[in-house]
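These notes are about the structure you will find just below.
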Amino acid sequence: MKREKTQWKDFLETISVLQWVLSFLLLGVSCMILLASLMFTSLWPIATLYFIWLARDWQTPEKGGRRTTYVRKWRVWEHLRDYFPIKLVKTAELNPNKNYILGCHPHGIMSAGAFTCFSTDSCGFPEMFPGIRPTLAILAGLFKIPLFRDYIMSAGLCPVSKPSLMHLLSQSGKGNAVVIVIGGAAESLASSPGVNTVVMKERKGFVRVALEFGADLVPVYSFGENELFRQVIFSEGSVGRKLQDLFKKIMGFAPCLFVGERLAWLPYRTPITAVVGSPISVPKRALPTEEEVDHFHGLYMEALAKLFHEHKASCGLSESHELRII
């Protein structure tokens with residue numbers, strides 16, 4: 001029998017989610033403002049010393065980062081998980097003697113499923129996949145933000161750049177699982193309740209990397225990710241969409257206009273189920289051909305569609321729901 005949540009538990013979950021949303025939206029900007037402000041106070045030596053250290057530490061994100069188990073096990077992430085709640089589902093074993101690229105879909109507004117399942121230990125990834133070390137790879141520009149970069153590195157996040165992926169898949173031993181939200185900013189603009197659209201047809205770079213390093217491909221679908229916020233969707237060709245696309249081209253991410261429930265900041269309490277599919281065996285090719293890339297890209301899209309249709313009913317969707325791949 002399911003126990004009722006106490007008011008205190010509900011409060012802790014709400015505060016945990018609020019700090020996560022505010023961190024996602026404002027923490028990077030706040031860190032830059034803080035350090036810039038310190039330079040004009042009597043505390044300027046602290047900021048100066050940090051910038052000197054930052055110059056020496058600049059390449060750390062692309063060399064595996066600086067993961068801290070303590071941060072990944074923070075109790076706040078358990079409350080974040082329980083708010084929705086978020087669940088991780090395993091469908092196949094992952095061999096700790098191999099490396100993997102996990103493609104996570106869809107992006108949603110904030111990738112709550114990907115972050116909670118793969119950048120925290122709250123959903124039980126270490127117990128579910130023993131010997132596998134997940135690393136969520138995100139926008140490289142975020143690791144150029146002072147202080148903020150150190151915070152996200154502590155949770156095990158790394159840049160989704162070629163040097164970073166090369167390090168994780170060739171210089172960090174075996175048992176590495178690099179998690180990439182394939183659709184990125186373009187997919188976030190399609191995030192809307194009731195919509196299951198993934199941007200994939202022209203996204204082949206992750207397949208090429210998988211071939212170069214012989215990393216098996218694993219599709220992941222986060223059911224419920226698109227239900228967390230109500231987004232204002234601008235039609236193609238509209239002024240709003242053109243501004244979003246321009247911002248995305250310059251900054252690397254798209255500004256989404258969205259609202260949640262309470263205070264408009266909080267996401268809706270919609271369950272998220274991240275289903276990890278079966279690995280697709282990928283050979284190692286130093287110089288993969290376009291035909292090889294297209295072949296394994298096709299296999300990946302087929303596996304993703306199969307994963308979606310096999311689990312959609314058990315994850316709250318009707319049998320009539322379709323996965324749209326664009």
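In this text the structure is predicted, and so the values were computed from the model without any measurement.
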Presence of salt bridge, Glu290 and Arg208, under 4.0 angstrom =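 Answer for the salt bridge query: yes.
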
ask   = Are Glu212 and Lys162 close enough for a salt bridge, meaning some N to O gap below 4.0 Å?
value =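 Salt bridge present between Glu212 and Lys162.
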
query = Would you say the side-chain atoms of Thr60 and Arg149 include a donor-acceptor pair closer than 3.5 Å?
reply =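 There is no such pair between these side chains.
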
Would you indicate whether the side-chain heavy atoms of [Y] and [X] approach each other to under 4.5 Å?
| X | Y | answer |
| --- | --- | --- |
| Leu304 | Tyr221 | yes |
| His107 | Ser191 | no |
| Thr14 | His79 | no |
| Tyr50 | Pro146 | yes |
| Leu25 | Met110 | yes |

Does [X] [atom1] have over 12 foreign heavy atoms under 6.0 Å away?
| X | atom1 | answer |
| --- | --- | --- |
| Leu49 | CG | yes |
| Trp58 | CH2 | yes |
| Lys9 | NZ | yes |
| Glu127 | CD | yes |
| Gln171 | CD | yes |

key: Residue from Ser111, Cys117, Cys104 passing side chain to side chain contact (heavy atoms under 4.5 Å, CB included) with Ser222   =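 The option that passes is Cys104.
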
ask   = Per the side chain to side chain contact (heavy atoms under 4.5 Å, CB included) rule, which among Val179, Ile182, Val207, Leu169 passes with Ile101?
value =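 Going through Val179, Ile182, Val207, Leu169 one by one, the side chain to side chain contact (heavy atoms under 4.5 Å, CB included) with Ile101 is satisfied by Leu169 alone.
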
Is [X] linked to [Y] within one hydrophobic cluster, defined over Ile, Leu, Val, Met, Phe, Trp and Tyr using a side-chain heavy-atom separation of less than 4.5 Å?
| X | Y | answer |
| --- | --- | --- |
| Leu323 | Leu307 | yes |
| Ile15 | Trp265 | no |
| Phe51 | Ile145 | no |
| Phe308 | Val195 | no |
| Leu317 | Leu228 | no |

task = Begin with the C-alpha distance, continue with both residues' side-chain angles, and end with the deciding distance and a verdict on side chain to side chain contact (heavy atoms under 4.5 Å, CB included) for Phe206 and Leu217.
result = CA-CA 9 Å; Phe206 73 104; Leu217 292 167; 3.8 Å; yes

query = Please walk me through it: do His167 and Ser164 pass side chain to side chain donor-acceptor pair (under 3.5 Å)?
reply = CA-CA 5 Å; His167 180 91; Ser164 175; over 6 Å; no

Is there a donor-acceptor contact under 3.5 Å from the side chain of [X] to the main chain of [Y]?
| X | Y | answer |
| --- | --- | --- |
| Asn226 | Pro193 | no |
| Glu261 | Tyr268 | no |
| Asn99 | Gly173 | yes |

request  = Measure up the Phe11 and Trp8 rings against each other and bin them: parallel (under 30°), tilted (30 to 60°), perpendicular (over 60°).
outcome  =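 Rings of Phe11 and Trp8: parallel, as their planes differ by under 30°.
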
query = Which of parallel (below 30°), tilted (30 to 60°) and perpendicular (above 60°) describes His105 and Tyr300?
reply =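 Tilted: the ring planes of His105 and Tyr300 meet at 30° to 60°.
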
Which heavy atom of [X] sits nearest a heavy atom of [Y], and at what distance?
| X | Y | value |
| --- | --- | --- |
| Arg72 | Pro134 | NH2-CG, 3.7 Å |
| Gly224 | Thr270 | O-CG2, 4.3 Å |
| Leu136 | Ser119 | CB-OG, 3.4 Å |
| Ala215 | Val282 | O-CB, 3.5 Å |
| Trp20 | Ala112 | CH2-CB, 3.5 Å |

Rounded to the nearest 0.5 Å, what separates atom [atom1] in [X] from atom [atom2] in [Y]?
| X | Y | atom1 | atom2 | value |
| --- | --- | --- | --- | --- |
| Met200 | Glu202 | CE | CD | 10.0 Å |
| Asp150 | Arg66 | CG | CZ | 5.5 Å |
| Arg230 | Ile109 | CZ | CD1 | 11.0 Å |
| Phe148 | Ser30 | CZ | OG | 10.0 Å |
| Ile325 | Arg203 | CD1 | CZ | 13.5 Å |
| Asp216 | Leu102 | CG | CG | 10.5 Å |

task = Could you give me the CA-CA distance, side-chain angles and deciding distance for Glu322 and His309, then say whether side chain to side chain contact (heavy atoms under 4.5 Å, CB included) is met?
result = CA-CA 8 Å; Glu322 294 295 327; His309 290 297; 3.4 Å; yes

Pairs under 3.5 angstrom only: tabulate donor-acceptor contacts from the side chains of residues 84-96 to other protein residues two or more places apart or in another chain.
unit_1: Lys90; atom_1: NZ; unit_2: Glu93; atom_2: OE1; d: 3.0
unit_1: Lys90; atom_1: NZ; unit_2: Glu93; atom_2: OE2; d: 3.0
unit_1: Lys90; atom_1: NZ; unit_2: Met128; atom_2: O; d: 2.9
unit_1: Thr91; atom_1: OG1; unit_2: Val276; atom_2: O; d: 2.5
unit_1: Asn95; atom_1: OD1; unit_2: Asn97; atom_2: N; d: 2.8

request  = May I have the step-by-step check of side chain to side chain contact (heavy atoms under 4.5 Å, CB included) for Thr120 and Leu80, ending in yes or no?
outcome  = CA-CA 10 Å; Thr120 82; Leu80 172 67; 5.7 Å; no

message = My understanding is that only one of Lys5, Arg75, Arg81 makes a salt bridge (Lys or Arg N to Asp or Glu O under 4.0 Å) with Glu13; could you say which?
response =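 Result for salt bridge (Lys or Arg N to Asp or Glu O under 4.0 Å) with Glu13: Lys5.
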
Full working for side chain to side chain contact (heavy atoms under 4.5 Å, CB included) between Glu227 and Ile272 = CA-CA 9 Å; Glu227 313 297 319; Ile272 299 174; over 6 Å; no

